[in-house]
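Notes follow once the structure below has been shown.
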Amino acid sequence: MRGILIDPFAQEIVEVDYSGDWKDIKKFLQCDLFTTVYMPDTTDSIFVDDEGLYVENQRYFKFAGYPQPLAGMGLVLGCNDEGDSVSCESTLEQVKAQVEWCDEGVSVEPMFTILQSYDGTY
């Protein structure tokens with residue numbers, strides 16, 4: 001299936017062939033744990049290193065509509081109604097238009113926030 005790899009180290013965005021095996025996401029991202037960032041106006045998501053903020057000499061990119069820079073490599077994949085990864089619906093040109101590279105040396109400090117639930121508990 002078609003994915004799009006965002007590489008802030010080489011500052012390149014390229015189409016890749018994703019096998020459908022979740023372990024291959026870790027290989028693309030060069031990490032042990034990953035999480036997703038939802039992209040506006042599409043069923044696509046960006047998979048990123050869940051521990052990326054703790055990596056030394058990290059590189060970052062900004063994605064239009066997301067409030068903070070993203071750490072390390074990003075992999076854009078689609079999602080079907082069952083929650084499975086599928087080929088992304090975004091084109092390479094659309095993703096390129098929404099990515100901005102952060103300057104070398106930029107860092108984002110990890111921050112944890114505890115949100116109160118609707119019923120007043122934590």
Side-chain angles (χ1 to χ4, degrees):
M1 64 187 78
R2 187 177 68 84
I4 298 174
L5 185 66
I6 303 168
D7 181 349
F9 299 94
Q11 294 190 350
E12 293 181 342
I13 303 170
V14 296
E15 286 190 356
V16 295
D17 185 35
Y18 171 59
S19 68
D21 184 343
W22 67 270
K23 294 174 189 165
D24 287 339
I25 295 173
K26 296 186 336 179
K27 291 177 187 173
F28 278 116
L29 301 180
Q30 302 170 13
C31 70
D32 293 321
L33 300 170
F34 58 83
T35 189
T36 56
V37 173
Y38 294 98
M39 297 168 56
D41 304 321
T42 180
T43 60
D44 294 341
S45 298
I46 305 173
F47 289 79
V48 294
D49 182 353
D50 195 36
E51 299 175 317
L53 295 178
Y54 301 104
V55 173
E56 291 186 34
N57 301 315
Q58 185 63 280
R59 295 300 303 262
Y60 297 84
F61 65 95
K62 294 179 184 175
F63 194 84
Y66 194 74
Q68 73 179 46
L70 298 168
M73 309 283 270
L75 178 64
V76 179
L77 293 171
C79 184
N80 66 19
D81 291 339
E82 288 78 40
D84 297 321
S85 293
V86 296
S87 290
C88 59
E89 70 178 42
S90 299
T91 66
L92 183 61
E93 292 76 25
Q94 288 170 323
V95 173
K96 284 182 176 183
Q98 295 180 69
V99 170
E100 178 184 338
W101 306 119
C102 295
D103 294 333
E104 190 170 348
V106 166
S107 66
V108 176
E109 293 297 319
M111 181 180 76
F112 297 94
T113 303
I114 298 174
L115 301 174
Q116 187 173 356
S117 69
Y118 291 113
D119 65 1
T121 61
Y122 292 94

Nearest 0.5 Å, what's the [atom1]-[atom2] distance between [X] and [Y]?
X	Y	atom1	atom2	answer
Glu104	Asn57	CD	CG	8.5 Å
Ser85	Leu75	OG	CG	8.5 Å
Gln94	Asp41	CD	CG	10.5 Å
Leu33	Ile25	CG	CD1	12.5 Å

Find out if a path of hydrophobic residues (ILVMFWY) with successive side-chain heavy-atom gaps under 4.5 Å connects [X] to [Y].
X	Y	value
Tyr38	Val48	no
Val16	Ile6	no
Tyr60	Ile46	no
Leu5	Trp22	yes
Trp101	Ile4	yes

Would you indicate whether the side-chain heavy atoms of [Y] and [X] approach each other to under 4.5 Å?
X	Y	answer
Val37	Phe63	no
Tyr18	Phe28	yes
Pro8	Met73	yes
Cys102	Arg59	no
Gln58	Phe9	yes

Near Asp21 CG, under 6.0 Å, is it more than 12 heavy atoms from other residues, nucleotides or ligands?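 It does: Asp21 CG has more than 12 such atoms within range.
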Please check this pair: side chain of [X] against backbone of [Y], looking for a donor-acceptor N/O pair closer than 3.5 Å.
X	Y	value
Asp44	Glu89	yes
Asp17	Arg2	no
Asp49	Cys31	no

In residues 76-83, what donor-acceptor pairs under 3.5 Å come from side-chain atoms, sequence neighbours left out?
unit_1 : atom_1 : unit_2 : atom_2 : d
Asn80  : OD1    : Glu82  : N      : 3.0
Asn80  : OD1    : Gly83  : N      : 3.0
Asn80  : OD1    : Asp84  : N      : 2.9

